[in-house]
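These notes concern the structure reproduced below.
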Amino acid sequence: MKKQSFPHNRKQELWYFGLSCAIGCMTCLPRSAQADSSAEIAQLRSMVLQLQAQVKDLQKSQKVTHAALRHLPGGEQNHTGQYAPGLRSAGAAKTHAASLPPMTNPGAGELAGPVRINDQPVEPFSADPTPTTVAQEPQSVKSINLSSSSPTALTQTEVDSLPPIFKIGSVSVKLGGFVDMSNIYRDKNLTAGPATPWGAFPYSGNPNAHASEYRPTAQLSRFSLLIEGKPARGVTVEAYVESDFGGSGSNSNAVQTNSYVPRMRQAYLAADDRDLGLHFLAGQAWSLTTGYTNTLLRRHEQLPPVVDSNLIPGVTFTRVPQVRFIKDFHRKWWLGLSVETPQATLGFDDSTLDSGGNLPPAMGQTSGPHVIYNSTGTGMLDPEAHYSLDAAPDIVLKTAVDTSVGHYELYGLARWFRTIVVNGGGSGGLGGQAHSRVAFGGGVGGSMAVPLLSGKMQLVGDVLAGKGIGRYGPSQLPDMTLRSTGAPAPLREIIGSVGLIGHPTDNLLLYTYGGVEAAHRAVYEGADGSYYGYGSPNAKLSGCSLMLGVCNAQTQSLISYTMGGWWHLLDGHYGSVMAGLQYTYVRKFAFRGVTDSGTSTRPTVNGNTVFVTFRYYPFQN
């Protein structure tokens, strides 16, 4: 019998090898044996079908190598690299020559046409085509970069630097985030999680001022999803969602299973046209008042590389729904406009006043107006929270420039505040007339990020000064108080910080910050001779230092000092591990008031907070 040639497709070699063995056996049979019974023919057909099934199973496994084929019975590799039936297979065929049925010889040369057994065609095994693309090795991810003044691995999730997890058509999907375990120690009990209420450190008359607090938490664990598409050259659209476990449900506690719930940190859609220099964002994101490391684009915010979810006192920020338009000029000059969700907080030194109550009457009046300044939430808003009566969105207009000596920004903020006042009528305003009172506020701010020592260190800073800007500071000073007429009175305030970030080695980042937040007094004289509003100079403050005493002190200013660092412990195909240490000192000053004896007093308190944190970045591998 002539030697058969075999195709180069490895996926078909086993089938042709087995078939050649059968053909060899058939041609070696004597004529007398070729007329055997149909049962033996069926047995041979069954053998061929079994061989086809075995080949199919092998094709579904990993690619068959030359070494593996060399171990198959009867398989020998010839000088061309193909496999042909060996002598052992031929010998085995001869031992059964007397019982094998006749088989049609396909002829000399290469196998062609369907194989036939006893003049009946046997459907050949059809191998799957060789894949046009071979699975690539996992893409390597660059190590976490700590050289920035605001490394995105610490302040965001660094999802932009990661390769896509998978693609749907031309849309790529990226995952980012980390698992965080933070140990929090405070020298005064705030009963607070990983977002420290900096303005809430208690005065000495409060028992909580004499108890420390230790609170371990994994609530800062964060995950993000970035979906990107490119509908045209130079045009990018994306959707970004970022979440942590900073929410608390009605059953959340620290007894057995704390049940803290996921919350929305950021969720927005965005589009960029690089050729036109136009950029658009709609959704919940960091406010445009936040400083930026460079550009004015999302996920480039100049955020302190601290652990605390409430950052540190003196840093300007909010994270709210907004619609934003950005225009860049050669990616050096930037102009941005953002329309953002408003909200106003109130400070009033009469602790008995609630929204819907009557103000203390002013000098020369017998009764004060009935005033409404907020309402409880409904319709997917928190029913336990109070929402201000907003007249218009907050508007931010910002310009920025990127130079070889740093990034610099300047912006203006416009705000509006509203109350509803009911004048006349009977007790509680019954039967009176309602009027809407609106006041304008806002301020001017700026920020910078300046490289020093060839990038080994950065100087950063931000400031915002104006009226009614308290919500933009982490200490949450009030935005406004009330006039004697019930109209809103925005408070004059300033928020500012300066920081120095250093990089002694590639895997070590150190930082130090100082910050301040302060508000001015705004009061009116009441009919009883006392002052009402925010920061009353004749407020009785003896209880602030008397155990279990009543303390009506209102915060005038708050200063802070923060230092800390991050150490990149491990990095490899398993991901990355980071460790962080942060210390923050806060000193709070109240407005001056009087003691029960009439002497002047100014309560103060300091607070110390320490974070020890471990983070695992599973996607950084």
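What you see is a predicted model; the values in this text were computed from it and never measured.
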TODO: State the CG-OG1 distance between Asp462 and Thr290, to the nearest 0.5 angstrom.
DONE: 9.0 Å
Open item on the list: In this structure, is the centre-to-centre distance between the rings of Phe325 and Phe280 below 6.0 Å?
Closed with: yes
Task: Verdict with supporting geometry, His300 and Trp286, ring pair (Phe, Tyr, Trp, His ring centres under 6.0 Å) - done: CA-CA 10 Å; His300 285 75; Trp286 295 94; over 10 Å; no
Open item on the list: Does the structure place the NZ or CZ of Arg299 under 6.0 Å from the centre of the six-membered ring of Tyr240, at an angle of no more than 45° from the ring's axis?
Closed with: yes
Open item on the list: Using 0.5 Å steps for rounding, measure from the OG1 atom of Thr485 to the CG atom of Asn423.
Closed with: 8.5 Å
- [ ] Determine whether the side chains of Glu409 and Gln302 contain a donor N or O and an acceptor N or O closer than 3.5 Å.
- [x] no
Task: Rounded distance [0.5 Å steps], OG in Ser182 versus CZ in Arg615 - done: 6.5 Å
Task: Pairwise distance OG(Ser250) to CD(Glu384) - rounded to 0.5 angstrom - done: 8.5 Å
Task: CG/Asn251: more than 12 non-hydrogen atoms of other groups inside 6.0 Å - done: no
Task: Heavy-atom side-chain contact between Met457 and Leu500 under 4.5 Å - done: yes
TODO: Check whether any side-chain heavy atom of Asn183 sits under 4.5 Å from a side-chain heavy atom of Met181, and report yes or no.
DONE: yes
Donor-acceptor contacts under 3.5 Å from residues 186-203 side chains, at least two apart:
| from | atom 1 | to | atom 2 | distance (Å) |
| --- | --- | --- | --- | --- |
| Arg186 | NH1 | Ala192 | O | 3.0 |
| Arg186 | NH1 | Glu213 | OE1 | 3.1 |
| Arg186 | NH2 | Gly193 | O | 2.6 |
| Arg186 | NH2 | Thr196 | OG1 | 2.9 |
| Asp187 | OD1 | Asn608 | N | 3.0 |
| Asp187 | OD2 | Asn608 | ND2 | 2.8 |
| Lys188 | NZ | Asn606 | O | 2.9 |
| Asn189 | OD1 | Thr191 | N | 3.1 |
| Asn189 | OD1 | Thr191 | OG1 | 3.3 |
| Asn189 | ND2 | Thr191 | OG1 | 3.4 |
| Asn189 | ND2 | Asn208 | OD1 | 3.0 |
| Thr196 | OG1 | Asp308 | OD2 | 2.5 |
| Trp198 | NE1 | Asn310 | O | 3.4 |

Open item on the list: For Trp334 together with His407, are the ring centres under 6.0 Å from each other?
Closed with: no
Open item on the list: Can you tell me how the ring of Phe348 sits relative to the ring of Tyr532, calling it parallel under 30°, perpendicular over 60° and tilted otherwise?
Closed with: parallel
Task: Evaluation steps, ring pair (Phe, Tyr, Trp, His ring centres under 6.0 Å), between Phe591 and Tyr534 - done: CA-CA 9 Å; Phe591 284 101; Tyr534 189 71; 5.4 Å; yes
Open item on the list: Quick check for you: to the nearest 0.5 Å, what is the distance between Ile469 atom CD1 and Asp479 atom CG?
Closed with: 9.0 Å
Open item on the list: Could you measure the distance from the CG atom of Leu477 to the NE2 atom of His520? Nearest 0.5 Å is fine.
Closed with: 11.5 Å
